[in-house]
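Have a look at the structure below before the remarks.
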Amino acid sequence: MLSFLNDSATTAQFSYLDSKSARDSKALASRVLSTLRKQNEISYVTINQNEADGLAALIHRAIPQVVANIFLSSNGANITASIELPLPKPIKFLNIEGTILPSEDGLHMGKVSVGSVIFEGDAFVNALVSLADLYLKGDVASKMIGMIKSIQLKNESLLLLAKIDTNLVSPHNKQSIFTQIRDDLSLFGEVSNIEHYYFSLVEFSSTLKGNKPQSLSLYVNHVFDLAKQRTGTFADEVAVTAVDENQSALLALALYFGSERFKLLIGEFKPLSAGDARIQHEKRATVTLRERVDLQKHFVYSAALELFSSQYASDALGEFKEFLDSNQGGSGFSFADLQADRAGTRLAMIVTGSETSAQKAQQILSSITDEQLLPSISGLKEGLSKSRFKQEYKTVNSDSYQKMLGDIDDRLKRLPLYRLGW
């Protein structure tokens, strides 16, 4: 087994997240999503070297333990990755290398190395697919791979020809790989518990009248007061924990103020009435944080992304959004938005961390104000263009950029809620 692991990484990071890599990653994601919507059509997905670099940069920023590079040539798409593991130094790294080959009949790979062990590429892929099919109790993974019809490589671009079966990829289909994984694992808690908090928010929202913009803290107070009341009670003779209730409460908040697509990650909910749906639409567009709707959005979405992924992924996606905004036509890179992103991320970490911090957070959140939920944004630069960001901060690894992140975190640490996380 240890021959799979090494004492050092064999892959060095080649590309890093910036305005260009963010733009390239978005272009690739848009084309892939467009292709997946084409039922039973033969479609090409094209990936060029810049987009491959952008994808590798985003992966590394979201998961710093993973260093990956993708190099496209006429001979194939060479993929190298080094994964840092929480193990002693002699066995700390998992190094993987393989090449996707040009093919006229599906997906084929050259030899795959995992550490010092060499596998025949097609046998390696078939083994992974078989394990996935076994786990998912069907042949969903096999059918997914079967959608790939051919792979061409030319002019430093990969052209993948696929016949899309939307029944396999649609989150709305109960037989798709997405819904099977979601429902089998219940990754984000019991659907019924999240739904309870969600409809409590629906009812609470309908009682708030008046034209004056409402603060997000009112809704945070409501769900976490409910979470505090439910913690320590018993369900099916099992004590209800603060961590579980907080996760359900925060997910409900994200579902109410965030995207409808978040529900696809949770499971089936009963639909809202027409009146409640209208109220929700209005609240999403008017409820503020620090008197700004955009900061409410950044905060809620980042909290959701932390629950759905990890701290690094949530922070990276916040930066990704700001780098997109720094391109021409965008609103510009905003450190105020980034502060709201980091606050939402850390809130999710705190309320679902240890049972002690989860209970302390309930006490604070059940009566928190906007000023205690998000530090002042005074002095944080906004509207930075791509050229101005590069001039002042160079890259995400520069001392000046890291100093700004340190300043934002220092602002958070001054608030009682976020001190629970440091």
Side-chain angles (χ1 to χ4, degrees), residues 6 8-33 45-85 92-100 109-110 112-113 151 153-160 305 309-330 332-333 335 338 341 384-405:
N6 304 108
S8 61
T10 57
T11 301
Q13 190 66 32
F14 176 75
S15 52
Y16 293 92
L17 186 62
D18 58 14
S19 299
K20 181 178 181 301
S21 62
R23 185 186 66 239
D24 291 336
S25 297
K26 182 183 179 182
L28 173 58
S30 297
R31 286 205 310 279
V32 170
L33 290 173
V45 176
T46 305
I47 305 172
N48 63 40
Q49 186 62 62
N50 286 337
E51 291 164 344
D53 292 343
L55 179 61
L58 182 58
I59 289 172
H60 178 61
R61 193 65 180 173
I63 315 172
Q65 298 87 351
V66 177
V67 174
N69 289 313
I70 306 168
F71 296 106
L72 305 179
S73 72
S74 58
N75 296 321
N78 182 251
I79 302 170
T80 62
S82 293
I83 305 169
E84 185 176 355
L85 304 172
K92 195 171 185 62
F93 291 91
L94 178 64
N95 295 306
I96 304 170
E97 181 172 2
T99 301
I100 299 174
M109 293 196 70
V112 175
S113 66
I151 295 175
L153 288 119
K154 56 184 178 181
N155 300 326
E156 291 192 341
S157 292
L158 182 149
L159 288 78
L160 185 151
L305 290 171
S309 54
S310 71
Q311 172 197 347
Y312 291 116
S314 184
D315 284 347
L317 290 171
E319 290 175 324
F320 177 80
K321 165 65 167 58
E322 295 311 315
F323 279 122
L324 286 177
D325 285 344
S326 73
N327 284 294
Q328 187 173 6
F333 191 105
F335 282 105
L338 199 59
D341 291 332
L384 296 173
S385 66
K386 177 180 176 180
S387 59
R388 189 177 165 198
F389 179 93
K390 191 171 182 179
Q391 180 183 2
E392 294 191 32
Y393 300 100
K394 297 180 177 64
T395 72
V396 293
N397 295 317
S398 70
D399 290 343
S400 55
Y401 184 80
Q402 292 300 315
K403 184 177 182 298
M404 282 302 305
L405 293 188

Nearest 0.5 angstrom please: [X] [atom1] to [Y] [atom2], how far?
X: Glu392; Y: Ser400; atom1: CD; atom2: OG; answer: 8.5 Å
X: Gln65; Y: His60; atom1: CD; atom2: NE2; answer: 9.5 Å
X: Ile96; Y: Thr80; atom1: CD1; atom2: OG1; answer: 10.5 Å

query: Among all residues two or more places apart in sequence or in another chain, which pass the side-chain contact (heavy atoms from CB on, under 4.5 Å) test with Ser15?
result: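 By the side-chain contact (heavy atoms from CB on, under 4.5 Å) rule, Ser15 matches Gln13, Asp53, Ala56, Ala57.
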message: Does Asp399 have more than 12 heavy atoms from other residues, nucleotides or ligands lying within 6.0 Å of its CG?
response: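 No, not enclosed.
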query: Just wondering, are more than 12 heavy atoms of other shown residues or ligands nearer than 6.0 Å to CD in Glu156?
result: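 Check fails, neighbour count at 12 or below.
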Considering only distance and modelled atom types, tabulate donor-acceptor pairs under 3.5 Å from the side chains of residues 66-77, sequence neighbours left out.
from  : atom 1 : to    : atom 2 : distance (Å)
Asn69 : OD1    : Phe14 : N      : 3.2
Asn69 : ND2    : Ala12 : O      : 2.6
Ser73 : OG     : Asn75 : N      : 3.2

Any heavy-atom pair between the side chains of [Y] and [X] that's under 4.5 Å?
X: Leu160; Y: Ile47; answer: no
X: Ile63; Y: Ile83; answer: no
X: Leu384; Y: Phe335; answer: yes

- request: Just jot down the salt bridge (Lys or Arg N to Asp or Glu O under 4.0 Å) partners of Glu84, sequence neighbours excluded, or say none.
  value: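 By the salt bridge (Lys or Arg N to Asp or Glu O under 4.0 Å) rule, Glu84 matches Lys92.
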field: Flag for Ser157-Asn48: side-chain donor and acceptor within less than 3.5 Å
entry: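 Side-chain D/A pair, Asn48 to Ser157: absent.
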message: Tell me if a side-chain donor or acceptor on Asn78 pairs with a main-chain N or O of Glu97 at a distance below 3.5 Å.
response: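 No; judged by distance alone, with no hydrogens or angles, the pair does not exist.
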query: Where is the tightest heavy-atom contact between Ser82 and Asn95, given as atom of each residue plus distance?
result: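 So the minimum-distance heavy-atom pair works out to OG-OD1, 2.5 Å.
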- request: Indicate the ring-plane relationship of Tyr401 and Tyr393, choosing parallel, tilted or perpendicular according to the 30° and 60° boundaries.
  value: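 The rings of Tyr401 and Tyr393 stand perpendicular, inter-plane angle above 60°.
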